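All remarks here apply to the structure that follows.
On a predicted model such as this, the values are computed, not experimentally measured, just so you know. Each chain gets a letter, A, B and so on, in the order the sequences are listed, and its residues count up from 1.
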Protein chains: 2
Amino acid sequence: MTNVGIIGLGLMGGSLSIALQERSNTYRFVGLDHNETHQQQALELGLVHEIVHTLDEISKCDIIILTIPVEGIIAISQQLHDLDEKCTVIDLGSTKAKISSSIPESIRTHFVTAHPMTGTEKFGPKAAIPKLYENKVVVLCDMEKSGTHQQEVAKKLFSEIGMKLVYMGAEEHDRHAAFISHMPHALSYSLANSVMRQEDASSIVALAGGGFRDMSRIAKSSPHMWEDIFRQNRANLIEAIESFEVELKKCRHMVENGEWEALNKWMSEANTLHDIL
Amino acid sequence: MTNVGIIGLGLMGGSLSIALQERSNTYRFVGLDHNETHQQQALELGLVHEIVHTLDEISKCDIIILTIPVEGIIAISQQLHDLDEKCTVIDLGSTKAKISSSIPESIRTHFVTAHPMTGTEKFGPKAAIPKLYENKVVVLCDMEKSGTHQQEVAKKLFSEIGMKLVYMGAEEHDRHAAFISHMPHALSYSLANSVMRQEDASSIVALAGGGFRDMSRIAKSSPHMWEDIFRQNRANLIEAIESFEVELKKCRHMVENGEWEALNKWMSEANTLHDIL
């Protein structure tokens with residue numbers, strides 16, 4: 001039996017538990033969360049078999065999954081000690097450079113710092129779904145800093161739930177994530193607010209088709225979680241927003257000046273995304 | 001038997017034909033399109049029973065559907081004449097004010113000017129799908145300018161394919177459509193281009209999760225079609241882009257200045273979209 005401790009009982013940890021339980025009956029799940037409602041829900045939904053209340057209890061697990069905001073991951077990494085030689089700690093934080101460099105040297109080889117490129121706009125244990133990780137990418141960062149055993153455990157675990165493994169330095173990850181995930185969230189929040197501020201917002205929203213629904217979906221994401229991500233990846237996020245602003249300004253300029261041929265060309269360039277996605 | 005003429009054999013006209021054929025066998029479809037490949041594909045896919053080559057032939061139909069760019073709709077409206085008293089012309093153009101005011105007075109009552117708030121990023125007859133219109137909104141504009149018979153025909157047709165009918169003035173429609181559809185397309189094109197311009201674009205895109213996929217989907221839309229829409233709805237589009245820019249600038253400012261509490265509040269305001277969508 002492999003004991004898996006999950007710190008942070010929400011969408012990510014809960015979905016991981018469901019996915020692993022569907023594939024194997026050799027895992028036993030122990031949960032730690034300061035939110036009592038989430039503790040209760042996680043037990044009722046069968047996401048964990050037991051709730052514990054101290055880090056000491058959870059640090060006896062074979063695998064420890066950290067699915068809490070980045071600051072929390074860093075704080076907990078300072079408090080973990082006396083880990084068994086084979087213990088593997090995997091954090092799923094959305095930014096990686098600060099985590100990777102903050103883990104105490106004494107336990108650095110125990111850590112695998114990973115970012116599954118998946119999620120929904122929902123959160124909490126009730127948001128957990130079986131296929132959240134299937135066919136999605138997980139970025140494994142600074143793997144050379146993890147122990148050989150810990151690398152194998154993490155690769156096996158993510159492969160088992162159907163993920164595609166990508167290896168990258170933590171700094172490079174953070175820049176990429178700003179463009180592919182964090183900046184798009186800033187756009188979606190901005191889009192939602194720009195519509196909601198209109199006097200006739202509800203009659204505008206009544207006309208929403210698939211395009212608007214898709215583009216505003218992630219504007220429903222947790223402010224608590226995204227405030228933390230924006231804070232952690234501030235410089236990269238601003239760079240990505242600036243790149244976006246350059247393009248939107250071009251678009252507005254072409255429309256204002258009736259440069260239709262140039263606009264058409266610019267739209268065709270955007271179409272090329274189709275070739276790689 | 002009701003003869004339906006479709007001018008412009010693509011996603012919208014093709015999907016309409018499939019939806020009507022699924023619900024009733026009393027319709028016969030005649031198509032007109034200058035693209036010979038599309039003529040052939042529409043016949044092969046059973047979207048139309050016959051291809052004609054002149055407006056005179058198609059104007060004998062009971063219902064004429066115009067699913068071509070706005071400029072084309074206006075041009076054709078100048079050439080239609082000798083319509084039967086019961087003939088109903090329905091245009092599906094994405095902007096409505098210019099169309100509504102350009103239709104010659106002599107045939108204005110024949111026209112119903114409608115905008116189904118649906119679509120995909122794909123185009124051409126092969127893109128046609130059965131459920132494109134189901135449970136979606138269609139905006140019927142300036143209906144007081146249409147004849148009583150024509151109003152009834154249009155309402156019956158859109159209801160038959162499962163659409164929700166919304167009535168609105170053409171000017172109001174165009175402003176609403178700028179916020180809910182046209183500006184989001186400008187954002188999606190800008191997002192795609194801002195990522196594609198990065199040196200390591202393909203390694204960034206390799207990390208794409210659901211959020212980026214959803215937000216960049218409509219960046220794959222036809223430049224030909226969207227150049228026309230941006231051109232037709234220029235002033236409203238610019239106003240909507242400006243409203244968006246105000247919000248994105250706020251977001252950037254809060255991140256740059258570490259105003260996390262204000263950022264959290266701003267994100268929570270965006271979350272309220274959830275209450276009405």
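Among B/Thr272, B/Val195, B/Leu187, the residue making the largest number of heavy-atom pairs under 4.5 Å with chain A is B/Leu187. Counting heavy-atom pairs closer than 4.5 Å to chain B, the top-ranked of the candidates A/Ala177, A/Ala235, A/Ala208 is A/Ala208. When the candidates B/Gly119, B/Ser222, B/Pro116, B/Pro184 are compared by the number of heavy-atom contacts under 4.5 Å with chain A, B/Pro184 comes out ahead. The most heavy-atom pairs under 4.5 Å with chain B, out of A/Phe179, A/Phe244, A/Trp260, come from A/Trp260. Listed options B/Ala201, B/Ala219, B/Ala206, B/Gly209 were ranked by heavy-atom pairs under 4.5 angstrom with chain A; first place goes to B/Ala219. Counting heavy-atom pairs closer than 4.5 Å to chain A, the top-ranked of the candidates B/Val137, B/Leu237, B/Leu191, B/Asp275 is B/Leu191. Note on B/Asp228, B/Ile238, B/Leu248: by heavy-atom pairs under 4.5 Å with chain A, the leading option is B/Leu248. Contact tally against chain A (heavy-atom pairs below 4.5 Å) for B/Gly210, B/Ala186, B/Pro223, B/Gly211: the top residue is B/Pro223. Ranked by non-hydrogen atom pairs under 4.5 Å with chain B, the options A/Val139, A/Val138, A/Asp200 are led by A/Asp200. Highest contact tally toward chain B, considering only A/Arg231, A/Glu121, A/Met196, is held by A/Arg231 [criterion: heavy-atom pairs under 4.5 Å]. Contact count against chain B (heavy-atom pairs under 4.5 Å) is highest for A/Glu245 among A/Lys250, A/Glu245, A/Arg175, A/Arg213.
Looking at A/Leu263, only its side chain comes within 4.5 Å of chain B, counting heavy atoms on both sides. Within the 4.5 angstrom heavy-atom criterion, no atom of B/Val246 approaches chain A. With a 4.5 angstrom heavy-atom cutoff, B/Met215 touches chain A via backbone and side-chain atoms both. With a 4.5 angstrom heavy-atom cutoff, B/Lys136 does not touch chain A via any of its atoms. For B/Gln198, the part lying near chain A is the side chain, with the backbone staying farther off; criterion is any non-hydrogen pair under 4.5 Å. No part of A/Thr120 comes within reach of chain B, as not one of its non-hydrogen atoms sits under 4.5 angstrom from that chain. Residue B/Ile218 touches chain A through its side chain alone, counting heavy-atom pairs closer than 4.5 Å. Heavy atoms of B/Met183 lying under 4.5 Å from chain A belong exclusively to its side chain. Of the atoms belonging to B/Ser268, heavy atoms from both backbone and side chain fall under 4.5 Å from chain A. For a residue to count as touching a neighbouring chain, one of its non-hydrogen atoms must lie under 4.5 Å from one of that chain's; by this rule A/Thr118 does not touch chain B. Contacts of A/Ala240 with chain B are absent, with no heavy-atom separation under 4.5 Å from either backbone or side chain. Both the backbone and the side chain of B/Ser216 come within contact range of chain A, with heavy atoms under 4.5 Å apart.
Ion pairing of A/Glu269 with B/Arg197 is present here, as a side-chain N (NZ or NE/NH1/NH2) and a carboxylate O approach within less than 4.0 Å. Under the 4.0 Å criterion applied to side-chain N and carboxylate O atoms, A/Arg252 and B/Glu242 are assigned as salt-bridge partners.
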*CA sep, side-chain torsions, deciding dist, call: A/Phe230, B/Met267, side chain to side chain contact (heavy atoms under 4.5 Å, CB included)*: CA-CA 11 Å; A/Phe230 282 21; B/Met267 288 173 164; 3.5 Å; yes
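The shortest heavy-atom contact between B/Ser202 and A/Ile276 is CA-CD1, 4.1 Å. In terms of heavy atoms, B/Asp214 sits closest to A/Arg217 at OD2-NE, 2.9 Å. Nearest heavy-atom pair across B/Cys251 and A/Ser190 is CB-OG, 4.4 Å. Contact detail for B/Lys220 and A/Leu277: the closest heavy-atom pair is NZ-O, 3.3 Å.
A distance of 6.0 Å separates CG in A/Leu207 from NE2 in B/His176, rounded to the nearest 0.5 Å. Remark: B/Ser181 OG to A/Ile204 CD1 distance equals 12.5 Å, nearest 0.5 Å. Note that CE of B/Met225 is 13.0 Å distant from CG of A/Asn264, once rounded to the nearest 0.5 Å.
Counting heavy-atom neighbours within 6.0 Å of A/Glu144 CD, excluding the residue itself, gives a total above 12.
Contacts from residues 164-174 of chain B to chain A, taken as heavy-atom pairs separated by less than 4.5 Å, involve B/Val166, B/Met168, B/Glu172 in sequence order.
Using a 30° and 60° split on the angle between ring planes, B/Tyr189 and A/Trp266 fall in the tilted class, from 30° to 60°.
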